[in-house]
Q: 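Before we start, here is the structure in question, set down as structure tokens.
Throughout, protein chains are lettered first and strands after them, A, B, ... in sequence-line order, and every chain is numbered starting at 1.
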Number of protein chains: 2
Amino acid sequence: MNNLSAVEENYLKYIYQLGETQNGIVKTNDLAYKLEHSAASVTDMLKRLSDKKLVSYKKYYGVSLTKIGQQIAIQVMRKHRLWETFLAKNLKFTWDKIHEIAEQLEHIQSDELVDKMDEYLGYPKFDPHGDPIPDKHGNILVPNVICLTDAKLKKLYILQNVNDDSASFLKYLNKIQLQLNDKIKIIEKEEFDETMLIIVNDKRQITISNDAAQNMFVKSV
Amino acid sequence: MNNLSAVEENYLKYIYQLGETQNGIVKTNDLAYKLEHSAASVTDMLKRLSDKKLVSYKKYYGVSLTKIGQQIAIQVMRKHRLWETFLAKNLKFTWDKIHEIAEQLEHIQSDELVDKMDEYLGYPKFDPHGDPIPDKHGNILVPNVICLTDAKLKKLYILQNVNDDSASFLKYLNKIQLQLNDKIKIIEKEEFDETMLIIVNDKRQITISNDAAQNMFVKSV
DNA sequence: TATTATTTTTAGATTAGCTTAAAATTATTG
DNA sequence: CAATAATTTTAAGCTAATCTAAAAATAATA
Ligand SMILES: [Mn+2]
Ligand SMILES: [Mn+2]
Ligand SMILES: [Mn+2]
Ligand SMILES: [Mn+2]
């Protein structure tokens, strides 16, 4: 039981996620952009989260999660990803619809509910977008993936993980019939704009923009 | 999509439920008691709901739902009862735990989610407490029940419906092993305090207080 | 029916979470 | 390294949803 508001939980979650690419330190403006709030609102909330010992905040420098703040962030992600799994697997939602609903469901407060959902779903390790689902104790199985933009030419990869928070990107993947676990080999890369020609499952050839590739993560076979 | 806050949705739901026993008109104090808010807060909110044309509110007289307010109230109850069904049937929660969690889940905004849950659960007609689940169009199968306090002596009844919002009452029913669809026959009623001696499923005899009987609803066989 | 009791509304305040505009700090660059 | 640009914070203000205390309206009763 953490008893935080949905707004506070979202702050912790996004500080966690933005911090992953950095060294854990997140800038005010990056949070403001992610949350679609003004920078002033963010500063305001960071002070309150700091008072609650959920973040360490240093003026003009940045913010990072405390131990307890991090634990809460991970539990929110756990709920988000378990709900996404339920929506996709059990209710047959397409993967472009589930994120938005999970944004609401992740704030339902009941530890018992989370654990029962986990059990009901068979303790899934990854959500429908390939994101790892933290376990009850907050352990996360970090998948060994690289961004498709960093993948080598003529090498075989498997699509492991896609960025889940843009429905339009996921709809685009539906349209070009690209799914998780598809085999991908880059056969050519345009020097000018990084557009790449790839072969999917040793069969189809498709062209992928750099923008698209940036949202795709693969592992070598 | 109604886009009301959880607070507004709760007001509509409780106006609906309190109005059922009246002629649809609900008094400020009754709402305040149900919501555990001050009467002043209720008056304030009623004015705002009135501005939004969700209720008709007459000062010092009472409040009732407009057509649109009623439709929203019914959809909130639909969601509440579908979620309770999921929690009990699929996740194996006991019936005393589900109401509190459903109080949160009923405010998740997604028409598609509600319909998919309904289908997933097999279009249930009643929730785990015997309350009717409104269909997609807001139709409610009103069950023909009477309160156990109004039941006749020596007549056979079936327990159809219990009041769901008191966990302690439901835990008490667990303890005395009384469930929905149990057969009940009142064999004696104490004149002093209305305590009744009943036979359950033609086997066990138990004593039920008037307070308990007021939360139980039965139909004749 | 006049007085008293109860219910309901109004008035004024508070808190969380947001905004814009202005001020302060830090980063960039000629 | 000083001027300028970008980022961040502060200041002031707004709305939704709550509160308490006081005033007003309605209901009960002697
Ligand atoms: Mn998601
Ligand atoms: Mn996901
Ligand atoms: Mn309930
Ligand atoms: Mn119920």
Q: Side chain of Asp44(A), heavy atoms from C-beta onward: which of dA17(D), dA24(C), dC18(C) has the nearest atom to it?
A: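 Closest nucleotide to the Asp44(A) side chain: dC18(C).
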Q: Separation of Asp51(B) atom CG from dT15(D) atom P, in whole Å?
A: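 Checked: the CG to P distance equals 14 Å.
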Q: Check the phosphate of dT10(C) against Lys47(B), side-chain N and O only, distance under 4.0 Å to OP1 or OP2. Yes or no?
A: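 Yes.
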Q: In whole Å, I'd like the distance from the OH atom of Tyr60(A) to the P atom of dT10(D).
A: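 After rounding, the reported distance stands at 6 Å.
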Q: Round to the nearest Å and state the distance from Lys52(B) atom NZ to dT15(D) atom P.
A: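 That distance rounds to 14 Å.
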Q: How long is the line joining OH of Tyr33(A) and P of dT8(D), in whole Å?
A: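 Atom OH in Tyr33(A) sits about 15 Å away from atom P in dT8(D).
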Q: So, does Arg48(B) get its side chain near the phosphate of dA16(D), meaning an N or O under 4.0 Å from OP1 or OP2?
A: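 For dA16(D), neither OP1 nor OP2 has a side-chain N or O of Arg48(B) closer than 4.0 Å.
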Q: Is the distance from OP1 or OP2 of dT8(D) to the nearest side-chain N or O of Asn29(A) less than 4.0 Å?
A: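 Yes, such a contact exists.
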Q: For Lys59(B) and dT10(C), is the shortest distance between a side-chain N/O and OP1 or OP2 below 4.0 Å?
A: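 Looking at the OP1 and OP2 atoms of dT10(C), one of them is under 4.0 Å from a side-chain N or O of Lys59(B).
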Q: Nearest whole Å is fine: how far is dC18(C) P from His37(A) NE2?
A: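 For the pair His37(A) NE2 and dC18(C) P, the rounded distance is 4 Å.
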Q: Counting side-chain heavy atoms from CB outward, which of dT18(D), dT8(D), dA11(C) is closest to Thr28(A)?
A: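 Output: dT8(D).
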Q: Would one find a side-chain N or O of Ser38(B) under 4.0 angstrom from OP1 or OP2 of dC19(D)?
A: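 Result: yes.
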Q: Indicate yes or no: at least one non-hydrogen side-chain atom of Leu113(B) is less than 4.5 angstrom from one of Lys116(B).
A: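 They are not in contact (no side-chain heavy atoms under 4.5 Å apart), so the answer is no.
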Q: Hey, can you tell me if Tyr120(A) and Phe86(B) have their rings parallel, tilted or perpendicular (30° and 60° cut-offs)?
A: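 Tyr120(A) vs Phe86(B) ring planes: perpendicular.
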Q: Please check the phosphate of dT18(D) (OP1 and OP2 only) for any side-chain N or O of Ser41(B) closer than 4.0 Å.
A: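 No, no such contact exists.
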Q: For Leu35(A) and dT19(C), what is the distance between atoms CG and C1' respectively, to the nearest whole Å?
A: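 Whole-Å distance recorded here is 15 Å.
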Q: Starting at atom CG of Leu49(A), determine the distance to atom C1' of dA16(C), rounded to an integer number of angstrom.
A: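 For the pair Leu49(A) CG and dA16(C) C1', the rounded distance is 12 Å.
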Q: Using a distance-only test with no angle check, is there a side-chain donor-acceptor pair under 3.5 angstrom linking Ser209(A) and Asp211(A)?
A: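 The answer is no; no qualifying pair exists.
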Q: Can you find a side chain N or O atom of Tyr57(B) that sits less than 4.0 Å from OP1 or OP2 on dT9(C)?
A: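 Indeed, a polar side-chain atom of Tyr57(B) lies that close.
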Q: Report the relative orientation of the aromatic rings in His129(B) and Trp95(B); use parallel for angles under 30°, tilted for 30 to 60°, perpendicular for over 60°.
A: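 Rings of His129(B) and Trp95(B): parallel, under 30°.
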Q: What is the minimum heavy-atom distance between Met196(A) and Thr149(A), and which atoms define it?
A: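 Heavy-atom minimum between the residues: CE-CA, 4.3 Å.
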Q: Grab the CD-P distance between Glu8(B) and dA16(D) for me, whole Å please.
A: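 The answer, rounded to whole Å, is 9 Å.
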Q: If only side-chain N and O atoms of Lys27(A) are considered, is one of them under 4.0 Å from the OP1 or OP2 phosphate oxygen of dT8(D)?
A: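 Lys27(A) to dT8(D) OP1/OP2: side-chain N or O found under 4.0 Å.
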Q: Check this one for me: any side-chain N or O of Ser5(A) less than 4.0 Å away from OP1 or OP2 of dA16(C)?
A: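 No, no such contact exists.
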